[in-house]
Amino acid sequence: MFGELVPVGGGDPIPLLRERLLIGRRSRCDIHLDFPNVSSQHCELEMDSGYWQVRDLRSTNGVKVNGQRVEVQVLMPGDKLTVGKHEFEVVYRPLSDGPPPSLTEEDPFSRSLLEQAGLEGRRKAQRRSERLKKQLPPAVQSPSATGEPDDGGGEDTEILGWLTDDDVAE
């Protein structure tokens with residue numbers, strides 16, 4: 001046995017017998033909770049690096065850990081897990097001595113691909129610069145924005161540079 005879910009307020013503890021368990025209203029779920037506020041496949045418990053982790057499976061009423069709604073969360077011993085409106089205390093002994101995986105590994109889906117590649121900041125700056133150019137009156141816009149030939153950098157270009165220098169990440 002890998003631990004148990006103890007219903008808060010009384011009831012029989014639910015043993016955690018395997019390293020991956022499906023919780024839901026369907027009778028074929030590993031942990032069957034036959035209540036209308038529990039989705040047919042509500043969430044999944046999985047042992048990961050010696051720690052239990054809960055993952056919400058797009059349930060209607062959500063999953064909470066210690067009162068906070070979560071999508072994926074490592075469960076520490078003693079945490080309160082709420083499935084629908086049913087609260088359980090998570091009781092187990094971690095199988096590893098190290099910190100839980102969520103404290104040592106970054107979720108690869110927490111940042112956009114552009115941000116991970118270091119491009120999002122530059123792209124945002126370019127869009128901001130383009131918006132600024134559209135808002136400026138024609139006398140202040142750079143010659144390239146107005147379609148006029150560039151004379152080598154007059155006062156207009158210098159003004160535009162002042163307005164956009166802090167926006168562009170080099």
Side-chain angles (χ1 to χ4, degrees), residues 1-135 166-170:
M1 182 165 80
F2 295 101
E4 56 189 10
L5 297 178
V6 179
V8 174
D12 294 330
I14 301 169
L16 304 175
L17 299 174
R18 294 198 322 254
E19 292 185 8
R20 187 172 177 193
L21 300 163
L22 183 61
I23 300 175
R25 197 175 64 239
R26 285 193 178 154
S27 60
R28 68 176 181 205
C29 290
D30 301 308
I31 298 175
H32 178 229
L33 299 176
D34 193 15
F35 301 102
N37 57 12
V38 175
S39 295
S40 59
Q41 292 185 351
H42 200 97
C43 62
E44 179 179 68
L45 290 178
E46 185 174 14
M47 182 64 72
D48 183 19
S49 301
Y51 289 84
W52 280 108
Q53 179 175 296
V54 65
R55 178 180 310 278
D56 189 354
L57 299 175
R58 297 183 183 177
S59 63
T60 302
N61 292 310
V63 173
K64 292 181 181 177
V65 175
N66 299 324
Q68 298 293 314
R69 191 164 183 162
V70 298
E71 295 297 318
V72 177
Q73 175 75 39
V74 171
L75 299 169
M76 299 302 291
D79 279 350
K80 301 289 190 260
L81 173 66
T82 306
V83 178
K85 298 193 185 296
H86 306 279
E87 189 174 36
F88 302 91
E89 180 181 355
V90 181
V91 178
Y92 76 101
R93 180 171 280 145
L95 300 177
S96 73
D97 294 332
S102 69
L103 300 180
T104 58
E105 300 172 5
E106 180 183 347
D107 179 7
F109 300 108
S110 64
R111 298 187 311 156
S112 74
L113 291 174
L114 288 173
E115 188 178 355
Q116 289 179 36
L119 300 174
E120 187 162 37
R122 176 177 285 160
R123 188 170 179 206
K124 282 182 179 178
Q126 288 172 343
R127 285 191 301 234
R128 202 173 333 153
S129 177
E130 290 301 316
R131 278 196 313 268
L132 214 146
K133 286 178 186 177
K134 290 177 183 174
Q135 293 172 356
D166 60 340
D167 290 334
V168 178
E170 297 287 330

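Below, all heavy atoms of this structure are taken into account, side chains as well, without hydrogens, waters or symmetry copies.
For the atom pair CG of Asn61 and NZ of Lys85, the computed distance is 5.5 Å after rounding to the nearest 0.5 Å. Rounding to the nearest 0.5 Å gives a distance of 11.0 Å between CZ of Arg20 and CH2 of Trp52. Note that CG of Leu5 is 11.5 Å distant from CG of Asp79, once rounded to the nearest 0.5 Å. Once rounded to the nearest 0.5 Å, the distance linking CZ of Arg18 with CZ of Phe2 reads 10.5 Å. Distance CD/Glu44 to CD/Gln53: 9.0 Å, rounded to 0.5 Å. Here the straight-line distance linking atom NE2 of His32 with atom CG of Leu22 works out to 11.0 Å at 0.5 Å rounding.
The shortest side-chain heavy-atom distance between Leu16 and Ile31 falls under the 4.5 Å cut-off. Inter-residue side-chain proximity for Lys80 and Glu89 is flagged as met; some heavy-atom pair is nearer than 4.5 Å. Residues Ile23 and Val54 fail the side-chain proximity criterion, which asks for heavy atoms closer than 4.5 Å. Side-chain contact check for Leu33 versus Phe88: some heavy-atom pair is nearer than 4.5 Å. Side-chain contact between Gln73 and Lys64 is absent, with no heavy atoms from C-beta onward closer than 4.5 Å. Considering only heavy atoms from C-beta on, Leu81 comes within 4.5 Å of Leu45 through its side chain.
Without hydrogens or angle criteria, His42 side chain to Leu57 main chain gives no donor-acceptor distance under 3.5 Å. Between the side chain of Ser39 and the backbone N or O of Thr60, at least one donor-acceptor pair lies under 3.5 Å. A donor-acceptor distance shorter than 3.5 angstrom exists from the side chain of Arg25 to the backbone of Val38, with no hydrogens or angles considered. Using modelled atom types, no side-chain atom of Asp56 and backbone atom of Cys43 make a donor-acceptor pair closer than 3.5 Å. A donor-acceptor contact shorter than 3.5 Å links the side chain of Ser59 to the backbone of Gly62.
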- Message: Between Val83 and Phe35, is the side-chain contact (heavy atoms from CB on, under 4.5 Å) condition met? List the steps.
- Response: CA-CA 10 Å; Val83 178; Phe35 301 102; over 6 Å; no

- Message: side chain to side chain donor-acceptor pair (under 3.5 Å), that's the test. Do His86 and Asn37 meet it? Break it down for me.
- Response: CA-CA 9 Å; His86 306 279; Asn37 57 12; 3.1 Å; yes

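Between Pro94 and Pro77, the shortest heavy-atom contact is CD-CG, 3.7 Å. Residue Pro15 comes nearest to Glu4 through the heavy atom pair CA-CB, 4.1 Å, listed as atom of the first residue, atom of the second, then distance. Here the closest non-hydrogen pair linking Gly84 and Thr82 is O-CG2, 3.5 Å.
Annotation for Arg55: atom CZ does not count as buried by contact number, only 12 or fewer foreign heavy atoms lying within 6.0 Å. By the 6.0 Å contact criterion, CG on Asp12 is open, its count of non-hydrogen atoms from other residues, nucleotides or ligands being 12 or less.
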